[in-house]
Amino acid sequence: MTLAIIGGGLAGATAAAELRASGYAGPDLGMEYVGYVGPAGYDKVVIEGDTAAAFRAYWERDGVVVAAMHANDWDASDEIRASIGTTRA
C-alpha cells in the first residue's frame, strides 16, 4: 500500500498524527527518523507498506525527499538514509 498525505507543518508534530490517522495500532513500535524537514516544511508524506505492521514514510518538498522514517522495518535503515536528497518515482 502507498498512501500520500498532502500538507505542511513540522514533521515531528505531524508524524504522530499521521501515524495515528493511518490506523497503526501495534503494541510495540520500533522507529527511526532521518533527515530534517526544516522551516520550509514539506509538500507531502508518502507512506509505503502496511501501517498495521511495518512501513516507511518519506517527507517530500518539491519532489525531493527531505526526511524519512521506518517503523518496525529494521532492514530499512540504510535505504531510508540513502533516500535523503533524492527524488522518488
Side-chain angles (χ1 to χ4, degrees):
M1 174 182 82
T2 300
L3 170 67
I5 300 172
I6 308 299
L10 299 173
T14 59
E18 291 163 357
L19 184 58
R20 284 190 301 275
S22 73
Y24 180 80
D28 297 318
L29 175 65
M31 182 172 63
E32 181 178 14
Y33 176 89
V34 297
Y36 179 60
V37 170
Y42 60 93
D43 302 321
K44 69 178 180 177
V45 177
V46 177
I47 298 174
E48 299 175 350
D50 181 355
T51 57
F55 64 93
R56 300 171 188 188
Y58 301 90
W59 283 259
E60 297 179 1
R61 180 175 50 248
D62 298 325
V64 176
V65 177
V66 293
M69 177 187 83
H70 77 76
N72 295 333
D73 187 3
W74 293 107
D75 293 332
S77 296
D78 291 339
E79 187 176 330
I80 65 167
R81 281 189 188 99
S83 72
I84 305 301
T86 65
T87 57
R88 297 189 47 82

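Residues: numbered from 1 along the sequence shown.
Between Glu60 and Val66 the shortest side-chain heavy-atom distance does not fall below 4.5 Å.
The cluster map of Ile, Leu, Val, Met, Phe, Trp and Tyr, joined by side-chain heavy atoms under 4.5 Å apart, puts Ile84 and Met31 in different clusters. By the criterion of side-chain heavy atoms lying less than 4.5 angstrom apart, applied directly or through intervening Ile, Leu, Val, Met, Phe, Trp or Tyr residues, Tyr42 is not grouped with Val65; the two fall into different hydrophobic clusters.
We find that Arg88 and Glu48 are joined by a salt bridge, their nearest charged nitrogen and carboxylate oxygen being less than 4.0 Å apart.
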Yes or no on side-chain contact (heavy atoms from CB on, under 4.5 Å) for Ile80 and Tyr58, after CA distance, side-chain angles and deciding distance? CA-CA 8 Å; Ile80 65 167; Tyr58 301 90; 4.0 Å; yes

Using the side-chain contact (heavy atoms from CB on, under 4.5 Å) rule, take Lys44 and Arg61 through it: C-alpha gap first, then chi angles, then the decisive distance, then the call. CA-CA 7 Å; Lys44 69 178 180 177; Arg61 180 175 50 248; over 6 Å; no

Please step through side-chain contact (heavy atoms from CB on, under 4.5 Å) for the pair Arg56 and Glu79, ending with a clear verdict. CA-CA 10 Å; Arg56 300 171 188 188; Glu79 187 176 330; 2.8 Å; yes

Evaluate Met69 against Val34 for side-chain contact (heavy atoms from CB on, under 4.5 Å), listing each step before the verdict. CA-CA 6 Å; Met69 177 187 83; Val34 297; over 6 Å; no

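With values rounded to the nearest 0.5 angstrom, Ser83 atom OG is found 11.5 Å from His70 atom NE2.
What you find for Val37 and Tyr33 is that their closest heavy atoms are CG2-OH, 3.6 Å. When every heavy atom of Asn72 is checked against every heavy atom of Ala53, the shortest pair comes out as ND2-O, 3.3 Å.
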